[in-house]
Colleague: 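The structure that follows is given in the form of structure tokens.
Numbering starts at 1 and runs along the sequence shown.
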Amino acid sequence: MSFIREIAKNKYLYLLALPGLAFLIVFAYIPLNGHLIAFKKYRLADGLWGSKFVGFDNFKFFFMNGDWYKVTLNTLYLNGLFLVFGLGLALVLALFLNEIRQALFKKLAQSFIFMPYFISWLVVSMMAFSFLNTTDGMVNRTIESLGGEKINWYLKAEVWPAFLTLIYVWKFAGYYSIIFLAAITGISGEYYESAKIDGATRFQQIFHITLPLIRSVAIVLGLLGVGRIFYGDFGMIYGIIGDNSALYATTDVIDTYTFRALRVLGDFSKSSAVVLYQSVMGLITIIVFNQIARKLDKDSALF
């Protein structure tokens, strides 16, 4: 009865939530049935329910050849770099933007750093190629003008985690900085006025007022990032790296590996087994880190 009273009391709020709820049901919950493909020898003619059940046989494709270890480590390593440097630089940018007092310059700066977020990965990949290609790339031209020799960056796998991190930070740091800036803007000015009266410098105000009061926002963004740490950014990595096998050692992630498996083998079952592994590990990770966040700040935990 209490549930019915709650809906009757806030019926318009629940009505506003219906489109979002319907979206989640149609595109997030109903497709969960597709995970059954991982346990079947799926054939289009037989459909999901008519295909033969084979248990865990499809997982052997991924776990028996040793590639699973490499692509899992690559996925965790790259996403860890993206998460740490992306959120870290975004926080620094937000603090700098908050210190700007000239309104016009502040708006221009926000627009400028936010702009890369709207550039597609296809365009970004072309920009990266124009910088790094061996023939007439800007980086190689600069090295050559300084007396050095051209470097074929697309054959040097060891440098690409740094390159991809730099590209990711350039694209997303502005987006996350706006979120941090919104949280900083919501802090009452009375805290800063009191600190000024006590003789606190701007750095002391940042470290003792701003950062503690936006900690919950940083934790939530961190948790959301950790929740997708087993999901490589397919659009980014495949758009920039493509099918360049020379770079697979450091850039091949679970998503690109699954895509190639589906494209080469044409086997939905084996690809689904890899995706299910990815989903389960992501679920375990978010549960563990949420418990850690709960101990640090109970109000910042997702659940």
Side-chain angles (χ1 to χ4, degrees), residues 67-94 96 108-178 225 228-264 274 278:
D67 287 340
W68 74 273
Y69 184 72
K70 180 185 72 174
V71 297
T72 300
L73 283 183
N74 285 345
T75 305
L76 291 174
Y77 180 59
L78 289 175
N79 281 335
L81 291 175
F82 298 163
L83 186 61
V84 171
F85 288 99
L87 291 183
L89 185 59
L91 179 57
V92 172
L93 285 173
F96 284 165
L108 288 174
Q110 287 177 346
S111 301
F112 182 75
I113 65 174
F114 193 37
M115 193 179 301
Y117 179 74
F118 297 101
I119 301 176
S120 73
W121 282 122
L122 179 61
V123 176
V124 172
S125 68
M126 295 173 66
M127 293 169 63
F129 184 77
S130 69
F131 272 95
L132 300 172
N133 77 81
T134 308
T135 308
D136 58 353
M138 187 179 296
V139 175
N140 274 317
R141 286 209 307 266
T142 303
I143 292 173
E144 202 171 28
S145 67
L146 295 174
E149 295 184 1
K150 292 182 178 180
I151 301 172
N152 192 339
W153 299 108
Y154 285 88
L155 292 178
K156 297 181 72 66
E158 65 274 12
V159 301
W160 277 92
F163 285 165
L164 291 174
T165 302
L166 183 64
I167 293 169
Y168 181 92
V169 169
W170 169 78
K171 194 174 192 305
F172 286 102
Y175 170 77
Y176 288 117
S177 71
I178 300 301
R228 294 191 58 81
I229 201 166
F230 277 90
Y231 289 84
D233 194 325
F234 176 81
M236 172 190 183
I237 295 175
Y238 191 76
I240 296 173
I241 304 300
D243 291 318
N244 186 352
S245 59
L247 304 182
Y248 285 170
T250 59
T251 63
D252 197 19
V253 294
I254 297 174
D255 300 76
T256 53
Y257 182 87
T258 306
F259 173 74
R260 287 200 312 277
L262 180 60
R263 188 183 61 187
V264 174
V274 179
Q278 191 179 29

Colleague: Would you please name every residue forming a ring pair (Phe, Tyr, Trp, His ring centres under 6.0 Å) with Phe118, sequence neighbours left out?
Modeller: Phe114
Colleague: For residues 78-92, which residue pairs pass the salt bridge (charged side-chain N to carboxylate O under 4.0 Å, His left out) check, not counting sequence neighbours?
Modeller: none
Colleague: Can you pull out every salt bridge (charged side-chain N to carboxylate O under 4.0 Å, His left out) where at least one residue sits in residues 241-252? Sequence neighbours excluded, please.
Modeller: Asp243-Arg263, Asp252-Arg260
Colleague: Please tabulate, one pair per line, all N/O donor-acceptor pairs under 3.5 Å involving side-chain atoms of residues 127-139, not counting sequence neighbours.
Modeller:
unit_1	atom_1	unit_2	atom_2	d
Ser130	OG	Met127	O	2.6
Asn133	OD1	Thr135	N	3.1
Asn133	OD1	Asp136	N	2.9
Asn133	OD1	Gly137	N	3.3
Asn133	ND2	Phe129	O	2.8
Asn133	ND2	Asp136	OD1	3.3
Thr134	OG1	Asn152	OD1	3.3

Colleague: How long is the straight-line distance from CZ of Phe96 back to CG of Leu91, given to the nearest 0.5 Å?
Modeller: 10.0 Å
Colleague: Locate the shortest heavy-atom distance separating Leu155 from Ala246; write the atom from each residue and the value.
Modeller: CD2-CB, 3.8 Å
Colleague: If you round to the nearest 0.5 Å, how far is OG1 of Thr250 from CG of Leu164?
Modeller: 7.5 Å
Colleague: Under the side chain to side chain contact (heavy atoms under 4.5 Å, CB included) rule, what do Val159 and Ile151 come out as? Steps first, then yes or no, please.
Modeller: CA-CA 11 Å; Val159 301; Ile151 301 172; over 6 Å; no
Colleague: Going by side chain to side chain donor-acceptor pair (under 3.5 Å), name the pairs with one or both residues in residues 73-92, residues two or more places apart or in two chains.
Modeller: none
Colleague: Less than 4.5 Å apart, any side-chain heavy atom of Asn140 and any of Trp153?
Modeller: yes
Colleague: At what distance, to the nearest 0.5 angstrom, does CG of Leu93 lie from CD1 of Ile178?
Modeller: 9.0 Å
Colleague: Quick check: does any side chain N or O of Thr72 sit under 3.5 Å from a backbone N or O of Tyr69, one acting as donor and the other as acceptor?
Modeller: no
Colleague: What pairs meet the salt bridge (charged side-chain N to carboxylate O under 4.0 Å, His left out) rule with one or both residues in residues 160-173, with sequence neighbours excluded?
Modeller: none
Colleague: Does OH in Tyr175 sit with more than 12 non-hydrogen atoms of other residues, nucleotides or ligands closer than 6.0 Å?
Modeller: no
Colleague: Minimum heavy-atom separation for Ser177 to Ile113, with atom names?
Modeller: OG-CD1, 3.5 Å
Colleague: With Tyr257, which residues qualify under ring pair (Phe, Tyr, Trp, His ring centres under 6.0 Å), at least two apart?
Modeller: Phe62
Colleague: Is the closest side-chain heavy-atom distance between Ile240 and Thr251 below 4.5 Å?
Modeller: no
Colleague: Just so I know, are the side chains of Ile254 and Tyr231 near enough to count as touching, which here means a heavy-atom distance under 4.5 Å?
Modeller: no
Colleague: The criterion is ring pair (Phe, Tyr, Trp, His ring centres under 6.0 Å); which residues satisfy it with Trp170, sequence neighbours excluded?
Modeller: none
Colleague: Return the set of residues passing ring pair (Phe, Tyr, Trp, His ring centres under 6.0 Å) with Phe82 (not counting sequence neighbours), or none when no residue passes.
Modeller: Tyr168
Colleague: Sequence neighbours left out, what pairs pass side chain to side chain donor-acceptor pair (under 3.5 Å) with at least one residue falling in residues 115-129?
Modeller: none
Colleague: Taking only residues at least two apart or on different chains, which pairs with a member in residues 155-166 satisfy side chain to side chain donor-acceptor pair (under 3.5 Å)?
Modeller: Lys156-Glu158
Colleague: Got a sec, which residues hit side chain to side chain donor-acceptor pair (under 3.5 Å) with Gln278, two or more places apart in sequence or on another chain?
Modeller: Asp255
